[in-house]
Amino acid sequence: QPEVCIQTLQQAVQMEPDNVWGHYFLATAYRQSSANGYEKALAVYERVLEMDPDLADAQMGMAYLYLNQPGKEVLALEAFQKGLDAALKAGDENVAATARAELAHLYYAQDNYTQCVEEWKAVLETDPDNAVAHRRLGLCYAMRRDEGDLEQAIAEMEQAMELSFGQ
């Protein structure tokens with residue numbers, strides 16, 4: 001019941017206007033709703049980031065908001081980078097890994113395979129048994145096609161298959 005959720009969060013924000021998390025959850029509810037969600041979510045995420053510019057979750061929410069809008073990929077990339085920076089500053093490895101994975105997807109879509117490789121390698125530093133990350137890193141190596149990349153792509157794909165079958 002998204003409308004009930006939004007109404008409840010609006011009331012919570014009215015009751016506690018300085019509560020950054022109330023605003024964050026309201027922005028997220030707007031982002032996930034269909035009717036005029038983008039504009040409302042954008043305004044509330046901007047308010048959240050005024051309240052706490054280093055809130056990684058809000059930067060990530062803003063990035064996902066942009067990601068779902070055609071033509072806003074550059075803004076999504078910038079917001080994911082800010083989310084990564086905020087997560088690293090806060091020591092939140094999970095949010096940092098998510099931001100890196102999203103950045104890698106965007107770099108892949110831009111044919112920026114070198115940056116894609118770097119992001120997936122960083123994800124694997126945190127989670128070396130992530131079969132999906134090994135597979136996607138292998139794809140980035142294969143697409144980049146610098147010297148030695150095909151061998152590295154094969155090694156990553158083999159690692160992904162080993163991990164997948166091991167699970």
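If you're wondering where the values come from, they're calculated on a predicted model, not measured in any experiment.
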Does [X] reach the side chain of [Y], with side-chain heavy atoms less than 4.5 Å apart?
| X | Y | answer |
| --- | --- | --- |
| Val117 | Arg136 | no |
| Asp57 | Val95 | yes |
| Leu84 | Thr98 | no |
| Met51 | His23 | yes |
| Tyr141 | Leu150 | no |
| His134 | Glu158 | no |
| Leu75 | Gln69 | no |
| Lys72 | Leu67 | no |

Spell out, yes or no, whether [X] and [Y] are grouped together once hydrophobic residues are joined by side-chain heavy atoms under 4.5 Å, including indirect joins.
| X | Y | result |
| --- | --- | --- |
| Leu103 | Leu139 | no |
| Phe25 | Met60 | no |
| Leu9 | Val20 | yes |
| Tyr45 | Leu42 | yes |
| Met157 | Val123 | no |

Is a donor from one side chain sitting under 3.5 angstrom from an acceptor on the other, for [X] and [Y]?
| X | Y | value |
| --- | --- | --- |
| Thr28 | Tyr64 | no |
| Glu156 | Gln152 | yes |
| Gln10 | Gln14 | no |

* Check: Ala41 main-chain N/O paired with Glu46 side-chain donor or acceptor under 3.5 Å ->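 Side chain of Glu46 to backbone of Ala41: no pair is present.
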
* Distance-only, no hydrogens or angles: does the Asp85 side chain make a donor-acceptor pair with backbone N or O of Lys82 under 3.5 Å? ->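 No; judged by distance alone, with no hydrogens or angles, the pair does not exist.
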
* **is_close_aromatic(Tyr108, Tyr113), centroid dist under 6.0 Å** => yes

* Centroid-to-centroid, Tyr38 to Tyr30, below 6.0 Å? -> no

For residues [X] and [Y], report the shortest heavy-atom separation together with the two atoms involved.
| X | Y | answer |
| --- | --- | --- |
| Tyr107 | Cys116 | CB-N, 3.9 Å |
| Val48 | Ala58 | CG1-CB, 3.5 Å |
| Ala142 | Ala153 | N-CB, 3.7 Å |
| Ala87 | Ala56 | N-CB, 3.6 Å |
| Cys5 | Ala29 | SG-CB, 4.3 Å |
| Ala99 | Phe80 | CB-O, 3.8 Å |

Reported [atom1]-to-[atom2] distance for the pair [X] and [Y], which is rounded to 0.5 angstrom:
| X | Y | atom1 | atom2 | result |
| --- | --- | --- | --- | --- |
| Arg135 | Met161 | CZ | CE | 12.0 Å |
| Leu65 | Arg31 | CG | CZ | 7.0 Å |
| Leu26 | Gln7 | CG | CD | 11.5 Å |
| Arg144 | Asn112 | CZ | CG | 10.0 Å |
| Leu124 | Arg100 | CG | CZ | 11.5 Å |
| Asp54 | Gln59 | CG | CD | 8.0 Å |

* Check the surroundings of atom CD in Glu93: do more than 12 heavy atoms from other residues, nucleotides or ligands lie under 6.0 Å from it? =>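 Not buried by this count: 12 neighbours or fewer within 6.0 Å.
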
* To do: Please indicate whether Glu50 has more than 12 foreign heavy atoms, meaning atoms of other residues, nucleotides or ligands, lying under 6.0 Å from its CD.
  =>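 Yes, CD of Glu50 has more than 12 neighbouring heavy atoms, counting only those of other groups under 6.0 Å.
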
* I would like to know whether Gln115 and Glu119 meet side-chain hydrogen bond (donor to acceptor under 3.5 Å, both in side chains); could you show each step before the answer? => CA-CA 6 Å; Gln115 195 61 43; Glu119 296 302 341; 3.2 Å; yes

* So Trp21 and Tyr24, would you call those rings parallel, tilted or perpendicular, with 30° and 60° as cut-offs? ->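 The arrangement is perpendicular - the two ring planes meet at more than 60°.
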
